[in-house]
Amino acid sequence: MRFPAGRVSAALRSKMIEPQDCGDGDEHEATPQTVPTLPSMPRERVPLQKSSVCSRSYFMVVMVFFHVYIINVIALLFYVHYNNTPGDVLASPSREAVSGGSDHHKPHESHQQQSGSESGFQRDIYLPRLEGIRVGHVQKVSLMPGKTHEMRTLSLKPLLFEIPGFLSEEECRVVVQLAQLKGLMESQVMVPEGQEELTEQLNLSSEEIFNLLDLNQDGQLQLQEALYSLQILTHSRVLDGIWLTPENLREIYVGLKADPDGLLSLEEFRLLGSDAFQRFLQQRGVKSSQLVRNSRHTWLYQGQGSHQVLQDLKKRVTRLTRLPSALVDLSEPLQVVRYGQGGHYHAHHDSGPVYPETVCTHTRLAANASTPFETSCRYITVLFYLNSVEEGGETAFPVADNRTYEEVSLIQNNVDLMDTRKNCDKSNLRVKPVKGTAVFWYNYLSDGQGWVGEQDEYSLHGGCVVTRGTKWVANNWINIDPDYQRQARYQQLVSLQEGEGAEDGDEPDEDGPPSQVTDAHQEL
Ligand code: OGA
Ligand code: CA
Ligand code: FE2
């Protein structure tokens, strides 16, 4: 509404200076006419004539613009009216769906509202985001009745906070015991089974990949180029899981080479891209310390019927993040992780970047799209320390508050900043695990309009190697689709399922976070 009104008023303003221009112009025309007839008093008549002509045209101009302005305003009112009418039907379900108002609408109403939703959900919810102010800033937060906690800003990039005493000793004990009762599984298997061929996963031919990696385009891969490419592959989802040091890579490169010229031909590269690479790793045996992550974990449901401590924890997380409870309720269950002595988790992002093709795991079914760009869309990570680690096990943020973020600078001169077994001491920030403390950060920036925006690359973090004792942590991830429409549609789908009644009670999948559209309503 502001733009057209502003345009009109700007036009009006420009017209308001016109009388002077008009007067100057008329003076030349009027003077020759008046001089012969009334020579004695030319100066009095001329200004009279001039001013009447001038003020009439000025009046006309003002009237024209006044009418244009009125028409503009009416047109805008019509525009707003017609755009809001279908949205009004959606406003209540979408507001409820996304903000999670406690009162659930009746099933038949939902059906009615869904049919109107084809045109899209009106965006009427703005996600609050906490303010960091500056590093070291301490603010009081109210997370439970009758108690306040102190929350300290640890970094601004990513926006990261620490809250000591978030959990009591007793609560830490209960969470660990519940996890033990449920049983923990290896967070990562040695060599992923059933791994499709590298080239199939990338959807590019060996030639195409070779060409991309052949940086100097001489038809051969020099050692430097090959090392770089191997490093990229190990950090990509393609070879997800196997962590190779620069020395390992050199070894593999040398092992794969057929001729002693120090170059890798396309043929040799094909070998590398095929399962020969996998077989090589299997033959050598991959130690657990060589994996991206060496830990065990399990998932604990926090919905209705779960242990009171788990439900309390979820409530506290909702108050801490100030997000609508429906968003927290529909997020992943609590992940409890145990690192034994020697355990680690190399630096990673909890959730991936947002491309136009990106879909979120939790809204996948609502997205009616299939793409290889799937990510967990974990807007926020809340990490709880369930014990104080004897030695090591810090959570490292290698590039927190760095001036710049460049992926290539993470590995320089044989120093890999993402390697939390070796280089935690070079991280910009390390958080010491203290029993009951929670840290939380945003994995995504704001889109500037109250919703989830781009990935915050600075949120890169990992668990340093535990040098003495055991480390217990838990993760609460808040999943939000950066695509507002998809998130709203997903939530509407879940509320429809709830309305239909959740009669089946399948056990959730043991191997990973549950597929949320089907399981989410069961935990609520
Ligand atoms: C994680 C993680 C850090 C830590 O579980 O995703 O980053 O300190 N953990 O254990
Ligand atoms: Ca080359
Ligand atoms: Fe993580």
Side-chain angles (χ1 to χ4, degrees), residues 154-155 158-163 166-167 172 175-176 179 184-188 235 237 240-241 243 288-289 291-300 317 331-353 361 375-400 417-421 423-425 427-444 455-479 512-513:
L154 296 187
S155 72
L159 188 50
L160 168 68
F161 302 93
E162 181 183 51
I163 308 111
F166 191 94
L167 292 96
C172 290
V175 175
V176 168
L184 295 99
M185 60 204 158
E186 285 295 337
S187 298
Q188 203 187 334
H235 286 168
R237 283 171 59 133
D240 185 29
W243 189 266
S288 52
S289 62
L291 298 175
V292 167
R293 144 176 224 201
N294 175 17
S295 63
R296 296 171 70 82
H297 74 264
T298 193
W299 301 91
L300 297 178
V317 165
S331 290
E332 287 167 80
L334 185 74
Q335 187 193 59
V336 183
V337 189
R338 178 191 183 276
Y339 299 87
Q341 190 156 315
H344 74 279
Y345 194 168
H346 286 311
H348 59 278
H349 290 109
D350 281 352
S351 194
T361 309
T375 192
S376 50
C377 298
R378 292 162 170 168
Y379 180 50
I380 288 179
T381 300
V382 189
L383 177 70
F384 310 107
Y385 296 111
L386 303 173
N387 76 330
S388 301
V389 181
E390 279 180 65
E391 198 183 280
E394 300 91 340
T395 306
F397 293 82
V399 289
L417 280 178
M418 293 180 283
D419 191 328
T420 55
R421 296 189 72 83
N423 300 320
C424 262
D425 56 328
S427 270
N428 283 359
L429 180 71
R430 279 178 308 282
V431 184
K432 198 177 151 58
V434 172
K435 192 180 199 167
T437 293
V439 282
F440 95 97
W441 65 89
Y442 293 84
N443 295 303
Y444 293 86
Q455 182 197 35
D456 188 346
E457 293 167 316
Y458 294 90
S459 65
L460 187 78
H461 65 280
C464 305
V465 64
V466 176
T467 44
R468 193 138 48 94
T470 310
K471 172 184 172 188
W472 283 93
V473 296
N475 284 299
N476 248 157
W477 285 298
I478 318 287
N479 311 96

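Whatever order the structure lists them in is the order used to number ligands and atoms, beginning at 1.
Here's the thing with K471: one of its N/O atoms is less than 3.5 angstrom from an N/O atom of ligand 1. Considering backbone and side-chain atoms together, T395 places an N or O closer than 3.5 Å to an N or O of ligand 1. Residue-to-ligand polar distances keep W477 apart from ligand 1: every N/O pair is separated by 3.5 Å or more. Checked against a 3.5 angstrom limit, the closest N/O atoms of Y385 and ligand 1 fall outside it. For the pair D350 and ligand 1, the shortest N or O to N or O distance falls below 3.5 Å.
Under a 4.0 Å criterion applied to the non-hydrogen atoms of H348, ligand 1 contributes the atoms 1 (C), 2 (C), 6 (O), 7 (O).
Atoms NE2 of H461 and NE2 of H348, as seen from the Fe ion (ligand 3), are separated by an angle of 100°, to the nearest 10°.
Listed for the Q455 side chain is a donor-acceptor partner under 3.5 Å among the backbone atoms of S351.
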T381 vs N443, side chain to side chain donor-acceptor pair (under 3.5 Å): CA-CA, chis, key distance, verdict: CA-CA 7 Å; T381 300; N443 295 303; 2.8 Å; yes
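The closest non-hydrogen atom to atom 1 (C) of ligand 1, taken over Y339, F397, Y345, comes from Y345.
Taking the six-membered ring wherever Trp is involved, the centroid distance between the rings of H346 and H348 does not fall below 6.0 Å.
For the residue pair T395 / Y385, a side-chain donor-acceptor distance below 3.5 Å is found, with atom types taken as modelled. A donor-acceptor pair shorter than 3.5 Å can be found between the side chains of D350 and H461.
Taking the N/O/S atoms of D350 in turn, the shortest distance to the Fe ion (ligand 3) belongs to OD1.
Note: F161 and F440 have parallel aromatic rings, judged against thresholds of 30 and 60 degrees for the angle between ring planes. A perpendicular orientation is assigned to the rings of F397 and W441, their planes being inclined by more than 60° (bins at 30° and 60°).
Ranking the protein heavy atoms by distance from atom 5 (O) of ligand 1 puts N475 ND2, 2.8 Å first.
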